[in-house]
Amino acid sequence: MIATRHPSHRRDIPAKLRLGVLAALASVLVFLPFTTHARSQTCFVVSIHSGDTLTARCGDAANAGAWRRVRLQGIDAPKPGQPFAEQARQKMHDMVRLKPADVDCDAPASRDSEFICRVMVAPDSAPNGPRTLDAGLALLTVGLARWQPAHAQRLSPQERGQYEFAEVEAKARRAGFWKDAQPARP
């Protein structure tokens, strides 16, 4: 048998090197700005402006920054004065008003801007359960909103497919404003 000689300090070099690299990487990662454009928090929906716009209180009500004007991501609902606007507003009211919601938002362009958000609430069938009802997707499903891919950059490809499919299905069922031969664009 041939004995090979491995000095002990040579065997420890790879382990020490790995440990050193990991320590260096960890120290660099601590100082990197891990700011995403999304901020997810639990909020309380206090008012509904239209089918796709609402006001939510996120945190302490005394803090002016706690109040958020929220526009639902990926959809466009009829505005006040348009056909089906009141039905869209009422449906949104029934789904989210006075309920806690998981609100996942992009940072607004300015302090007074609306936040573009995904709003998740507990469904009426399980009011104390997890917040699994996507309010925007629900409005698409009943034909009271249009799919807006330009306003859905943060949705995953699977979620984008769900939103698009919900609109196609609502059109096929002639649900909501799809009953009209030429539905108005919101």
Side-chain angles (χ1 to χ4, degrees), residues 29-80 82 84-124 126-167 170 176 185-186:
L29 291 177
V30 167
F31 295 106
L32 283 178
F34 279 114
T35 56
T36 62
H37 295 290
R39 294 191 330 230
S40 183
Q41 54 190 165
T42 299
C43 301
F44 190 72
V45 178
V46 294
S47 66
I48 309 301
H49 304 284
S50 68
D52 58 12
T53 309
L54 54 94
T55 298
R57 181 181 46 83
C58 306
D60 180 19
N63 178 0
W67 298 90
R68 306 250 191 279
R69 185 169 173 101
V70 173
R71 178 133 170 21
L72 270 65
Q73 176 176 277
I75 69 166
D76 198 10
K79 305 298 179 255
Q82 292 182 317
F84 292 93
E86 184 53 31
Q87 292 93 324
R89 193 196 70 72
Q90 187 62 48
K91 180 66 176 172
M92 186 59 62
H93 178 277
D94 294 346
M95 279 191 294
V96 303
R97 187 164 183 279
L98 300 179
K99 290 184 179 180
D102 291 336
V103 180
D104 184 16
C105 302
D106 288 333
S110 71
R111 184 181 173 122
D112 297 327
S113 294
E114 294 176 335
F115 287 79
I116 306 298
C117 308
R118 183 174 191 178
V119 176
M120 303 290 287
V121 295
D124 288 338
N128 297 321
R131 297 179 189 125
T132 57
L133 178 66
D134 180 334
L137 182 60
L139 216 56
L140 284 168
T141 301
V142 296
L144 293 173
R146 287 183 186 257
W147 160 235
Q148 291 297 315
H151 296 100
Q153 294 85 358
R154 292 190 44 251
L155 292 176
S156 72
Q158 179 183 359
E159 292 164 334
R160 293 171 73 84
Q162 289 172 332
Y163 275 53
E164 185 175 5
F165 181 77
E167 180 180 81
R185 291 215 52 94

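Being a predicted model, the structure only gives us computed values, none of them experimental. This chain uses plain numbering: 1 for the first residue, then up along the sequence.
Counting heavy atoms from C-beta on, the side chains of I75 and W147 never come closer than 4.5 Å. Residues L139 and L72 have side chains not in contact (no heavy-atom distance under 4.5 Å, counting atoms from C-beta outward). Here the side chains of E164 and L140 are not in contact, with every heavy-atom distance at 4.5 Å or above. No side-chain heavy atom of D76 sits under 4.5 Å from any side-chain heavy atom of R185. Taking 4.5 Å as the limit, some side-chain heavy atom of R154 sits within range of a side-chain heavy atom of D104.
Note that the OG1 atom of T55 and the CD atom of E114 stand 9.0 Å from one another [nearest 0.5 Å]. For the atom pair I116 CD1 and Q73 CD, the distance stands at 8.0 Å (nearest 0.5 Å). With rounding to the nearest 0.5 angstrom, the OG atom of S47 is 12.5 Å from the CE atom of M92. How far CZ of R146 is from CG of D52: 13.0 Å, rounded to the nearest 0.5 Å.
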I would like to know whether V96 and L54 meet side chain to side chain contact (heavy atoms under 4.5 Å, CB included); could you show each step before the answer? CA-CA 9 Å; V96 303; L54 54 94; 4.1 Å; yes
Pair up each side-chain donor or acceptor in residues 127-137 with any protein partner under 3.5 Å, not counting sequence neighbours, and list the distances.
residue: R131; atom: NH1; partner: D102; partner atom: OD1; Å: 2.9
residue: D134; atom: OD1; partner: G136; partner atom: N; Å: 3.0
residue: D134; atom: OD1; partner: L137; partner atom: N; Å: 3.2
residue: D134; atom: OD1; partner: Y163; partner atom: OH; Å: 3.0
residue: D134; atom: OD2; partner: R118; partner atom: NE; Å: 2.9
residue: D134; atom: OD2; partner: R118; partner atom: NH2; Å: 3.1
residue: D134; atom: OD2; partner: Y163; partner atom: OH; Å: 2.7

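The environment of H49 atom NE2 is dense: over 12 non-hydrogen atoms of other residues, nucleotides or ligands sit within 6.0 angstrom.
Sorted by first and then second residue, the salt bridge (charged side-chain N to carboxylate O under 4.0 Å, His left out) pairs involving residues 88-99 (not counting sequence neighbours) are E86-R89, K99-D124.
Formation of a donor-acceptor pair under 3.5 Å by the R57 side chain with backbone atoms of V46 is not found in this model.
With sequence neighbours excluded, the residues that form a side chain to side chain contact (heavy atoms under 4.5 Å, CB included) with A88 are A77, P78, L144.
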